[in-house]
Each structure stands twice: as structure tokens, then as C-alpha cells.
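Here is the structure we will look at, set down as C-alpha cells.
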Amino acid sequence: MDFLTLFAIYVAVVLTCIVLVCKYSGQQQTPFTVIFNSVGKVIAPFTPKWLQTFSQRTLHRLFHQRQMDTTLTSLSVPYVLLAIKTFFFYLCIKRDPGTVTKKKVAGHLHLYPYDRRLFHPGVSCPTCQLLKPARSKHCRVCNRCVQRFDHHCVWVNNCIGAQNTRYFLLYLFSVCAMAGDIALLTGDMLLHAVLRSGLLTASYIDEYGQQQPAGPLFVVQHLFLTFPRIVFMLGFLVFVFFLLAGYALFHSYLALVNQTTNEWYKSRGYICQHCHPTATADHLCSPAPDHSKRHFYSKGLLRNLGEIFFPPQPVQKKDN
């Protein structure tokens, strides 16, 4: 399954969600409420009472409403996701991505075979003065060679490599979940505000003096005038969610096929380690891409995921 297929599935899921929102928008019992109640029941035993009270008071002031249709437990879900996101963010920052050192380089050399297209044996890092294991790369920002180098992430100010890729993926998923949950919570509150106001069955007098039913455009205009900051916040959250979801989907695809961002980028031009970093398409030491070997290190779906969450460790030789 290639990236385009996964992206098509992603688009289909997004369109399905939009259709469901449009279908149930006029009903009191919406899918949003069902989702919030289900999630709320799961985390209810772990949610402190003070956190529920704080969430209720904050959102009451935000919406100027005295009655909330959303359960208090569901209001605390974003705070739980924030704690989870912060935890994985900390692990991405602090965990060693898999630095190749003089003591460990011998063990790193046996972790992956050289594909002799992107990675060739006998190539040394001019900075670290070490033989470069397959799938490794020297990071100019961190000034070190990293095992199974993916990319240097400016978000976490650390390289993403063999030992912290799993934390980076979980961090992306938790950020997407938090943005999506807050967007759903905000959309559910706006929907119930519309239902309580009776706008869906209301009417207005147009400029010609005729009575017209209040359609979707009128409802949206009313929400912009009544809750302008909340509507803009919802739009920003939706934008951020789709942006991060696309990025997380791309990295999920790379994890499924056991490929790094560095390898994906190099494979598009097939500039190997013998070439100069600034080499152009006219100076490539490899022929046209062989698509049958595009995912050289793939071992199957389950084993690929297992390698992400349980990365292989360099073999340490015992001194006699």
C-alpha cells in the first residue's frame, strides 16, 4: 500500500465525517455527544473533581451559557490529551535518537545491511571519522551521526532516529487528537447553541419585505456575530488538525514501509553517500530508480511496526 492509497483513504474518511456532520446537524442527539460521552466514561475514574469544575466554569464564561449539554468529564479530555502530548514531547527532547559513537559503531554496522544504492559499505563520516552504518546520517545541527536517521526536528530541537521515532509518532498522534477533540467540543457547543436558539426553524424578512426561512448562511452569520472569537478559533483548530493529520499520516506511511524521511527524500533522486551533498541529477552514481526495490528494508507490516516501537540495539562485544 503506497502513500497515495493511504492519502485517498484519509480523504474518504474526512469526507465521510463531513457528511455525518451535515446529516445529524439538526438533531438533539449528535455523534459529537455520543463520542464525548463514550470517552468521558472511560476517563471518568481518572479525572479529578477540581479539573471538571475548572473546565465547566471556563467554558461557561466563554460561551455565556448557564447550561451545558456536554458532560463535565468530556470537557476534561483536552487536558488529559495535553498531559499525554507533553509527556511524549519531553521524551522526544530528552531521549537519545541513537548516536553512533566509537564504542558502539561496531555494533551499529551489523544492524542493517547496505542496500548499495543509498548506502554503501566503506564510507566514513568526514566529521566523526567513523564508518557510517547503513541508514545512518550525520546531523549538522547536532554534530553527530544518528542511527536510522529520519530528520532533525526543530519542534523538539533533537534528531529523530532509531531510538525516539516511536515517541515522535505518538507525539504527533496526541497533538492531532487534542486539536481534533477541542474542535469537536467547540463544534458541539456551537451546534447546541443554534439548536437552543431555534434558528433552524426561524425566519427573517428580506430586503423585499418577504419572509424567508433561516438557512445555513444565516446561521453561520449569526454565529460569527455572536461568537466571533470562538468561530475563528474553530476554523484555526480545523486547519491545524488537517495540517498535522497529513504530516502524521505521512510518517505513519513511512513507518509501515520501514522507510525514513531521509531515505524517502534520497530515493526521489537516488543521491547516495558517494555523491557530494550538493550533487544534481546530472551527477548521480545510481541509475534510474528500481521501484521493485524501493522499500529495501521493509520486513512486512507487523515487523516494520515492531522495529519502530522496539528498535534493534547495537551488539556490544564483551572484552575477554
Side-chain angles (χ1 to χ4, degrees), residues 3 88-172 175 243-244 246-255 257-286 289 294-297 307-308 311-314:
F3 176 71
F88 289 125
F89 180 74
Y90 174 81
L91 292 178
C92 287
I93 295 175
K94 291 297 183 180
R95 288 300 176 94
D96 178 41
T99 305
V100 180
T101 62
K102 292 182 179 181
K103 295 182 179 180
K104 297 181 179 180
V105 64
H108 284 296
L109 291 173
H110 296 87
L111 288 179
Y112 298 104
Y114 293 94
D115 61 356
R116 298 182 182 275
R117 296 162 68 235
L118 299 178
F119 307 103
H120 294 260
V123 179
S124 299
C125 175
T127 304
C128 299
Q129 299 298 319
L130 298 173
L131 285 176
K132 299 186 69 172
R135 313 190 74 181
S136 68
K137 186 180 184 297
H138 183 85
C139 178
R140 298 180 180 179
V141 180
C142 298
N143 194 28
R144 59 183 173 181
C145 286
V146 178
Q147 174 199 5
R148 198 184 181 277
F149 178 86
D150 190 274
H151 70 287
H152 181 88
C153 182
V154 294
W155 288 1
V156 300
N157 193 30
N158 194 9
C159 288
I160 304 301
Q163 302 302 322
N164 63 351
T165 298
R166 58 188 184 274
Y167 303 129
F168 182 71
L169 285 174
L170 294 174
Y171 169 68
L172 286 180
V175 172
L243 183 66
L244 292 176
Y247 188 60
L249 182 63
F250 172 69
H251 277 277
S252 299
Y253 161 74
L254 294 179
V257 299
N258 202 341
Q259 191 177 39
T260 65
T261 303
N262 178 55
E263 294 165 0
W264 175 84
Y265 177 76
K266 283 185 175 181
S267 65
R268 298 173 67 86
Y270 281 82
I271 303 177
C272 76
Q273 291 181 342
H274 287 309
C275 296
H276 191 271
T278 59
T280 62
D282 297 332
H283 178 63
L284 302 179
C285 61
S286 298
R294 182 170 53 180
H295 306 306
F296 180 83
Y297 296 102
E307 188 173 302
I308 293 295
Q313 301 295 329

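Throughout, residue positions are numbered sequentially from 1 according to the sequence presented.
Distance check: C92 SG to Y167 OH gives 9.0 Å after rounding to the nearest 0.5 Å. Distance CD/E263 to CZ/F296: 10.5 Å, rounded to 0.5 Å. Considering CG of N262 and CG of L254, their distance stands at 11.0 Å, rounded to 0.5 Å.
Side-chain contact check for Y265 versus H151: every heavy-atom pair is 4.5 Å or farther apart. You'll find the side chain of K102 reaches within 4.5 Å of the side chain of L130, heavy atoms only. Looking at H108 and C145, their side chains never come closer than 4.5 Å, going by heavy atoms from C-beta outward. Within the 4.5 Å cutoff, the side chain of Q147 has heavy atoms near those of the L111 side chain. Between K132 and L109 the shortest side-chain heavy-atom distance does not fall below 4.5 Å. Between N164 and F88, every side-chain heavy-atom pair lies at or beyond the 4.5 Å cut-off. In this structure the side chain of C125 never reaches within 4.5 angstrom of the side chain of K137, judged on heavy atoms. Contact annotation: the side chain of N258 approaches that of R148 to within less than 4.5 Å [non-hydrogen atoms, C-beta and beyond].
Under a 3.5 Å cut-off, the side chain of D115 and the backbone N or O of L118 do form a donor-acceptor pair. Counting only distance, with no hydrogens or angles, the side chain of N158 and the backbone of K94 share no donor-acceptor pair below 3.5 Å. When atom types are taken as modelled, the side chain of H251 and the backbone of Y247 share no donor-acceptor pair closer than 3.5 angstrom. Between the T165 side chain and the G161 main chain, a donor and an acceptor come within less than 3.5 Å of each other. Proximity of a side-chain donor or acceptor of D150 to a complementary backbone N or O of T261 within less than 3.5 Å is detected.
Minimum interatomic distance between I308 and R166 (heavy atoms only, all atoms of both residues): O-CB, 3.6 Å. Of all heavy-atom pairs spanning Q163 and P311, the tightest one is OE1-CG, 3.6 Å. The nearest pair of heavy atoms linking H138 to C128 is ND1-SG, 3.3 Å. In terms of heavy atoms, S136 sits closest to P133 at OG-O, 2.6 Å. Minimum heavy-atom separation, S124 to L131: OG-CD2, 3.5 Å. The two residues C139 and F149 make their nearest non-hydrogen contact at CB-CE1, 4.0 Å.
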Q) Which is it for S267 and R117 under the side chain to side chain contact (heavy atoms under 4.5 Å, CB included) test, yes or no, and what are the steps along the way? A) CA-CA 9 Å; S267 65; R117 296 162 68 235; over 6 Å; no

Q: Go through F119 and Y114 one step at a time and tell me if the ring pair (Phe, Tyr, Trp, His ring centres under 6.0 Å) criterion holds.
A: CA-CA 5 Å; F119 307 103; Y114 293 94; 7.8 Å; no

Q.
Pair W155, L172 - check side chain to side chain contact (heavy atoms under 4.5 Å, CB included), show working.
A. CA-CA 11 Å; W155 288 1; L172 286 180; 3.8 Å; yes

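Between F250 and W264, the distance from one ring center to the other falls under 6.0 angstrom.
The aromatic rings of F89 and Y171 lie tilted to each other, with the angle between the two planes from 30° to 60°.
With respect to the salt-bridge test (charged N to carboxylate O, under 4.0 angstrom), the residues D96 and R144 qualify.
Geometrically, R135 engages Y297 in a cation-pi contact defined by less than 6.0 Å to the ring centre and at most 45° from the axis.
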